[in-house]
Amino acid sequence: MVDYSSNSKERKKALGAFYTPQVLSDLLAKLLVPLCNNEALITALDPATGDGILLDSLERIAKAHKKSINLIGIDIDKRAINNSKNRFEERDSECVFINTDALYPLGNSIPSKGWDVLIQKYIPNGIDLIVSNPPWGADISHYISLPHDFKTAIGQFDIYDLFIETIISNLKKGGVYGIIVPDSIYCQEHKKVREILLTNTTIKGIVRLGEGFFPNVNFAVSIIYGIKTSNTSYNVSCSHISNSEKKAILFGEADIYTMVKKKSIKVSAKQMIASGFSFIVDVGQEDLPILNKLKKYDTIKTYTSCKRGVELSKKGDVLQCPMCENWFPMPRNKKLVTTCPHCKADVVIASANHTSIVTTIKEKGCVSLITGEDLGRFTVSSNRFIRQGLRGINYKSSVLYQGPKVLVRKTGVGITAGIDYNNSLTNQVVYIVKPKEAVHPSVTAEVIAAILCSRLTTYIIIKRKGSIGWTSNPYLSQQDVNALPFPKLDFQNSQTTTALNRITELVRSNYKKGKELSIEADAEIERNIAFLYNLDYKEYKTIFKTIGQVEQMIPFRRLLNINSDYIFQNGI
């Protein structure tokens with residue numbers, strides 16, 4: 001159990017506490033206070049108040065707008081509550097700070113009951129404004145009934161999903177909200193919380209800030225703000241701050257509020273909803289014909305399965321439990337003692353048997369292993385091998401690795417996908433994508449690889465995830481891959497089957513281990529992809545323009561070796 005009264009790194013990590021920098025606190029206040037047009041007295045709440053800086057900015061900006069404000073701060077961390085009390089000790093505004101868990105204000109009671117008590121006691125007229133930098137990545141293992149109590153507690157959720165749901169549930173109708181969230185909110189795992197925001201509120205703006213605003217934290221962040229009203233016929237003001245603009249802001253050479261307004265473009269909420277509740281923040285008029293076509297298509301999950309390889313790092317370090325004698329992967333943390341996943345016994349890492357089952361030399365009992373860095377575009381090249389047969393290591397079923405399979409790298413910008421023809425094993429950072437058994441035989445591994453390696457797929461990822469530049473921890477989830485659009489295929493149409501068969505032939509005949517496909521083959525494959533998705537020359541000009549505008553790292557730069565004229569034979 002975490003000691004919330006301590007000041008340790010473990011405490012902050014367990015709490016998911018990343019205190020808000022002044023520049024973002026002031027930006028949020030400037031965006032939110034003007035939305036409270038009908039409120040002479042604003043009752044504002046922060047459910048994860050930390051050091052109170054968000055409420056501090058709200059008070060200052062509210063006074064500048066000649067508005068009175070009452071402030072309420074909630075935090076599970078008693079130290080944070082005391083710091084907030086000290087900050088506001090001699091203020092004119094009415095301030096209340098409550099040391100409790102905003103997710104469960106009355107302990108294990110149903111969250112809504114706890115909030116009913118809080119509102120009745122402290123906020124009888126309702127909450128006009130909620131501002132929050134909710135915790136990210138916090139330890140939630142001590143909660144026992146999250147799936148029962150929260151709609152967003154499904155799949156691979158984060159604690160910030162629960163906080164956003166709590167914010168929207170307890171904000172009064174017409175109330176204003178503003179939240180700072182990590183950019184993982186754009187990933188498929190967080191679809192439910194995006195759905196809640198898009199269907200229960202009018203999102204006034206989404207601001208993609210990138211990383212660098214939080215000292216010593218390598219996470220890209222965004223701001224989302226709006227009003228609690230049910231309305232889908234509106235446009236969202238979307239701003240995406242580039243790396244150069246961010247540097248100017250951080251060095252005091254540009255004003256962030258002015259930059260956000262200057263960079264703003266309008267994106268239809270209906271478009272976001274129709275795109276599977278995606279926060280598509282970089283959509284211009286030229287993108288709409290493409291996105292409108294794509295939303296009518298199937299997803300790749302209809303035709304394929306997507307699974308992970310051995311749950312093991314590329315180093316292959318493993319430990320043996322002295323109690324049950326099963327082996328398991330070496331934990332990534334630096335603890336002295338870990339828990340055996342098999343028998344739950346405590347294992348002292350320093351005294352336990354350990355070895356590496358990954359080697360660069362093929363030995364007896366070893367088979368080829370492909371890791372993320374071994375993948376190229378269409379091809380793979382590996383010099384690693386993995387030793388099999390250690391009891392306790394989940395190598396996964398051998399059927400998973402047999403036959404041609406598409407391998408997708410989890411980490412990195414854009415998408416990197418190659419084909420393995422050698423029945424190689426993979427590790428946890430590689431997704432294995434294979435055609436489902438019942439799928440028409442013309443949907444081959446080569447076709448799937450061609451779709452994943454296409455300029456179209458990279459364009460989709462850029463639009464959905466905003467992958468415009470370098471970030472510290474970029475990744476694609478399995479859900480992201482599964483949600484990619486796949487053309488509706490009419491197998492009775494000879495042109496369709498001809499295109500599919502030609503893609504398969506081109507990939508197979510041009511496949512060279514560790515080498516890029518020829519430019520001619522690449523262009524013809526892309527031409528067939530365009531046919532399957534019913535995309536024309538003009539739409540591909542938009543696709544290439546988008547790829548050309550992002551920071552030119554290898555996954556993007558390598559796609560610009562041809563252009564629309566080459567694909568469509570001078571526009572034909």
Side-chain angles (χ1 to χ4, degrees), residues 297-298 300 303-304 370 374-381 403-409 414-424 432-436 439-461 481 484-537 539-541 543-544 547 554-572:
Y297 290 147
D298 295 321
I300 197 169
Y303 294 87
T304 69
I370 296 171
D374 300 323
L375 296 177
R377 185 166 178 263
F378 282 104
T379 68
V380 300
S381 180
K405 57 183 180 289
V406 182
L407 305 180
V408 179
R409 183 172 181 170
I415 185 168
T416 300
I419 306 176
D420 173 54
Y421 292 105
N422 297 319
N423 302 329
S424 302
I432 301 169
V433 183
K434 299 176 75 172
K436 291 180 178 177
V439 168
H440 193 278
S442 59
V443 181
T444 61
E446 290 80 9
V447 167
I448 295 165
I451 287 173
L452 293 175
C453 291
S454 69
R455 279 86 183 163
L456 172 62
T457 293
T458 293
Y459 166 84
I460 294 164
I461 290 170
V481 175
L484 290 169
F486 201 91
K488 287 185 179 292
L489 300 174
D490 179 5
F491 298 109
Q492 302 302 314
N493 185 322
S494 61
Q495 287 182 300
T496 297
T497 54
T498 297
L500 294 171
N501 293 336
R502 181 58 178 157
I503 290 172
T504 299
E505 179 186 345
L506 284 165
V507 175
R508 287 179 182 173
S509 61
N510 284 271
Y511 185 96
K512 294 179 181 178
K513 189 175 181 180
K515 302 288 185 181
E516 294 280 339
L517 269 61
S518 71
I519 290 178
E520 294 77 15
D522 195 2
E524 188 176 349
I525 289 169
E526 197 78 42
R527 189 180 309 130
N528 282 286
I529 295 293
F531 167 77
L532 293 173
Y533 285 90
N534 190 29
L535 297 174
D536 59 25
Y537 172 81
E539 290 163 336
Y540 254 83
K541 291 279 283 187
I543 290 170
F544 273 99
I547 297 172
I554 290 175
F556 301 127
R557 188 172 66 242
R558 66 189 177 194
L559 299 178
L560 300 176
N561 61 340
I562 58 176
N563 56 32
S564 298
D565 290 325
Y566 204 157
I567 292 171
F568 289 90
Q569 299 175 338
N570 297 318
I572 298 175

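Values in this document were obtained by computation on a predicted structure and should not be read as measured data.
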Novice: Taking V406's backbone N and O only, do any of them form a donor-acceptor pair with D420's side chain (distance below 3.5 Å, no angle check)?
Specialist: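 Judged by distance alone, no pair lies under 3.5 Å.
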Novice: Can you tell me how far apart OG1 (T304) and CD1 (I432) are? Round to the nearest 0.5 Å.
Specialist: 12.5 Å
Novice: Determine the minimum heavy-atom distance between S494 and T498, stating which atoms define it.
Specialist: O-OG1, 2.7 Å
Novice: Measuring only between side-chain heavy atoms, which start at C-beta, is E526 closer than 4.5 Å to F568?
Specialist: no
Novice: Go through L500 and H440 one step at a time and tell me if the side chain to side chain contact (heavy atoms under 4.5 Å, CB included) criterion holds.
Specialist: CA-CA 11 Å; L500 294 171; H440 193 278; 5.9 Å; no
Novice: Nearest 0.5 Å please: distance from the CD1 atom of I562 over to the CD atom of E524.
Specialist: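 Rounded to the nearest 0.5 Å, the CD1-CD separation comes out at 11.0 Å.
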Novice: Any donor and acceptor pair, going by atom type alone, linking the side chain of R527 with main-chain N or O of I567 inside 3.5 Å?
Specialist: yes
Novice: Is any side-chain heavy atom of N510 closer than 4.5 Å to a side-chain heavy atom of F378?
Specialist: no
Novice: With rounding to the nearest 0.5 angstrom, report the OG1 to CZ distance, T497 to F491.
Specialist: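 Here the interatomic distance stands at 9.0 Å.
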Novice: Checking E505 now: which residues fulfil side chain to side chain contact (heavy atoms under 4.5 Å, CB included) with it, not counting sequence neighbours?
Specialist: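 Applying side chain to side chain contact (heavy atoms under 4.5 Å, CB included) to E505 gives R502.
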Novice: Check whether any side-chain heavy atom of Y533 sits under 4.5 Å from a side-chain heavy atom of I451, and report yes or no.
Specialist: yes
Novice: About how many Å separate NZ of K488 and OG1 of T496, when rounded to the nearest 0.5 Å?
Specialist: 13.0 Å
Novice: Any side-chain heavy atom of R558 within less than 4.5 Å of one from T416?
Specialist: yes
Novice: For D298 and P487, which heavy atoms make the closest approach, and how far apart are they?
Specialist: OD2-O, 4.2 Å
Novice: Assess whether side chain to side chain contact (heavy atoms under 4.5 Å, CB included) is satisfied between L484 and I461, documenting all intermediate values.
Specialist: CA-CA 8 Å; L484 290 169; I461 290 170; 4.2 Å; yes
Novice: Answer yes or no: is there a donor N or O on one side and an acceptor on the other, between the side chain of R377 and the main chain of C453, under 3.5 Å?
Specialist: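 Answer holds: yes.
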Novice: I'd like to check P404 versus T444 (side-chain heavy atoms, cut-off strictly below 4.5 Å). Are they in contact?
Specialist: no
Novice: Would you say N534 and Y297 make side-chain contact, with heavy atoms under 4.5 Å?
Specialist: yes
Novice: Can you name the nearest heavy-atom pair linking I503 to E446, along with the distance?
Specialist: CG2-O, 4.1 Å
Novice: Take the angle between the ring planes of Y511 and Y421 and call it parallel below 30°, perpendicular above 60°, tilted in between.
Specialist: perpendicular
Novice: Checking the side chain of K512 only, and the main-chain atoms of T379 only, is there a donor and an acceptor separated by less than 3.5 Å?
Specialist: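 Answer holds: no.
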Novice: Indicate yes or no: at least one non-hydrogen side-chain atom of I300 is less than 4.5 angstrom from one of L452.
Specialist: yes
Novice: Do the non-hydrogen side-chain atoms of I529 and Y540 ever get within less than 4.5 Å of each other?
Specialist: yes
Novice: Between S424 and K405, which heavy-atom pair has the shortest distance, and what is it?
Specialist: O-NZ, 3.0 Å
Novice: For the pair L407 and D374, evaluate side chain to side chain contact (heavy atoms under 4.5 Å, CB included) and give the outcome as yes or no after the intermediate values.
Specialist: CA-CA 10 Å; L407 305 180; D374 300 323; over 6 Å; no
Novice: Could you measure the distance from the CG atom of N422 to the CD1 atom of I370? Nearest 0.5 Å is fine.
Specialist: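 Interatomic distance, N422 CG to I370 CD1, rounded to 0.5 Å: 7.5 Å.
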Novice: About how many Å separate CG of L489 and OG of S442, when rounded to the nearest 0.5 Å?
Specialist: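 So the OG of S442 and the CG of L489 are separated by 7.0 Å.
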Novice: Grab the two heavy atoms, one from Y303 and one from V439, that are nearest each other, plus how far apart they are.
Specialist: O-CG2, 3.3 Å
Novice: Check for a donor-acceptor pair, side chain of N493 on one end and backbone N or O of Q495 on the other, with a separation under 3.5 Å.
Specialist: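 Yes.
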